[in-house]
2 protein chains.
Amino acid sequence: MTAIGKTARTQRAVERACHEGAKLFSEKGYSETTTRELAAAMDVTNGTFYYYFPSKEDLLRQICEDALAEITAAVTKAVDGAESGLDAVTQMIHSHVRTIVESRHSHTTMLTELRALNGEHRVTIVAARDRYESLVREILASAKADGSLKTSIELAPLTLLLLNLLNWTIFWYRPNMGLTGDEIADRMVTLFLNGAVNPA
Amino acid sequence: MTAIGKTARTQRAVERACHEGAKLFSEKGYSETTTRELAAAMDVTNGTFYYYFPSKEDLLRQICEDALAEITAAVTKAVDGAESGLDAVTQMIHSHVRTIVESRHSHTTMLTELRALNGEHRVTIVAARDRYESLVREILASAKADGSLKTSIELAPLTLLLLNLLNWTIFWYRPNMGLTGDEIADRMVTLFLNGAVNPA
DNA sequence: GTCTATAGTGGGATAGAC
DNA sequence: GTCTATCCCACTATAGAC
């Protein structure tokens with residue numbers, strides 16, 4: 001077994017920990033999940049968990065970091081080729097919803113368990129989340145600037161309301177509920193852009 | 001001190017526990033809050049907490065129960081005198097948002113810490129929450145039935161999206177943030193009914 | 001790299017005096 | 001009705017063998 005072999009094996013173990021950890025954290029909560037459960041999900045015993053992570057909190061930090069990197073990359077790419085402000089908003093909504101439903105465990109963990117992080121860990125993740133929300137705000141700002149969106153709702157509240165609409169989905173979405181991420185996003189786009197009032 | 005006096009005193013202590021408990025649970029989380037902290041917030045010691053509640057979980061159940069009773073009563077009353085389907089939707093949004101921002105600690109606790117409840121406790125609260133969501137759905141159903149709302153978004157997803165828009169507010173609303181509950185609700189009504197697109 | 005064993009800590013809940 | 005004292009348990013993290 002070479003050094004490279006060892007590294008790859010370790011990386012697989014870390015990835016598995018993140019995957020199973022996100023599942024446990026999102027279903028039971030961070031502090032209701034024990035390191036023994038985390039270890040069992042990795043098929044090792046409690047002590048071995050600490051070979052891969054210095055602490056339980058460090059696993060949480062890793063999951064949050066990865067989730068934010070994932071959604072930031074997905075949305076950045078989605079709006080990259082947008083033809084107009086409205087198109088960018090539409091692409092962003094689809095990309096955001098697709099990401100949080102496809103990786104729902106890690107995004108639920110990031111969105112709801114972040115407060116369990118302390119000190120430096122907390123500061124780093126909050127900063128990354130703020131950067132992502134700035135990205136969303138800038139997409140809306142562009143759509144306002146080109147005249148696509150009404151000015152009667154100010155940029156800051158409009159951004160918050162869009163994030164409301166997008167994020168609470170983690171609490172009810174389940175695979176096989178009869179609605180895909182893109183189908184949910186379609187309805188959000190209709191509602192966010194045109195509202196629910198009957199135009200007839 | 002009469003029996004009535006004792007009862008009233010006990011009731012005040014229970015109310016204080018619910019008030020301070022909701023604050024602690026919403027800020028730190030249910031399982032990160034100790035019974036010693038709860039007792040300190042009531043100005044008693046750990047042991048005394050158990051004179052008022054059989055368990056920590058029972059305090060959580062009480063807080064959730066009260067929050068659901070409060071919002072159900074508020075919204076029921078608000079839509080009672082509505083003149084049309086659209087008016088009822090508008091009144092519901094205002095009433096819901098006003099309630100969750102004015103009693104934000106208890107509603108945050110109910111919405112985010114419910115999963116810490118087990119067995120019978122859990123079943124009771126989930127049932128009450130389902131009843132509240134049915135109320136919201138019925139208000140939207142009426143507005144669809146009288147032709148106010150478009151049919152292109154089905155009732156079930158429309159209800160979920162409205163609850164998305166309303167509920168995520170607990171994660172960012174702070175008193176003195178420069179926006180009152182009614183000001184937030186105004187923007188939600190505009191967005192939910194007419195959308196963000198510039199009509200010009 | 002994984003194990004067993006355990007140190008060390010803190011919290012939920014109870015007992016019993018006052 | 002409130003206190004002090006404490007039981008008992010579970011959990012995070014570490015030590016050290018293999």
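Naming: A, B, ... by sequence-line order, numbering from 1 per chain.
- Not a single donor-acceptor contact under 3.5 angstrom links the side-chain atoms of B:R36 to the base of C:dG10.
- Atoms CD1 and CE, from B:I93 and B:M188 in turn, are 8.0 Å apart once rounded to the nearest 0.5 Å.
- Of the candidates D:dG1, C:dC3, C:dG12, the closest approach to any side-chain atom of B:Y52 belongs to D:dG1.
- In this structure, of C:dG1, D:dG1, D:dT14, it is C:dG1 that holds the atom nearest to the side chain of A:T10.
- Side-chain N/O atoms of B:S55 include none lying less than 4.0 angstrom from OP1 or OP2 on C:dG12.
- Residue contacts for A:T33: at a heavy-atom cut-off of 4.0 Å it reaches the sugar-phosphate backbone alone, with no base atom in range.
- Computed from coordinates, the A:Y51 OH to C:dG1 P distance equals 3 Å when rounded to whole Å.
- Closest approach to the B:V44 side chain among D:dC3, D:dA13, D:dG1 is made by D:dC3 (side chain taken as heavy atoms from C-beta onward).
- Listed nucleotides C:dA5, D:dC11, C:dG12 differ in distance to A:T34; the shortest reach to its side chain belongs to D:dC11.
- Nucleotide D:dC11 holds its C1' atom 8 Å from the NZ atom of A:K56, rounded to whole Å.
- In terms of phosphate contacts, A:Y50 brings no side-chain nitrogen or oxygen within less than 4.0 Å of OP1 or OP2 of D:dT14.
- Distance, B:L38 CG to C:dG10 P: 18 Å, rounded to whole Å.
- As rounded to whole Å, 15 Å separates atom C1' of D:dT2 from atom CZ of B:F49.
- At the phosphate of D:dC11, neither OP1 nor OP2 sits under 4.0 Å from any side-chain N or O atom of A:T35.
- A salt bridge does not link A:R98 with A:E70: none of the charged nitrogens is closer than 4.0 Å to a carboxylate oxygen.
- In summary, A:E27 and A:K23 do not engage in a salt bridge, as defined by a charged side-chain N under 4.0 Å from a carboxylate O.
- Proximity note for B:T45 (side chain, C-beta onward) versus D:dC11, C:dT14, D:dC3: the nearest is D:dC3.
- In this pair, A:F171 and A:W168 present their aromatic rings tilted. The plane angle is within the 30 to 60° band.
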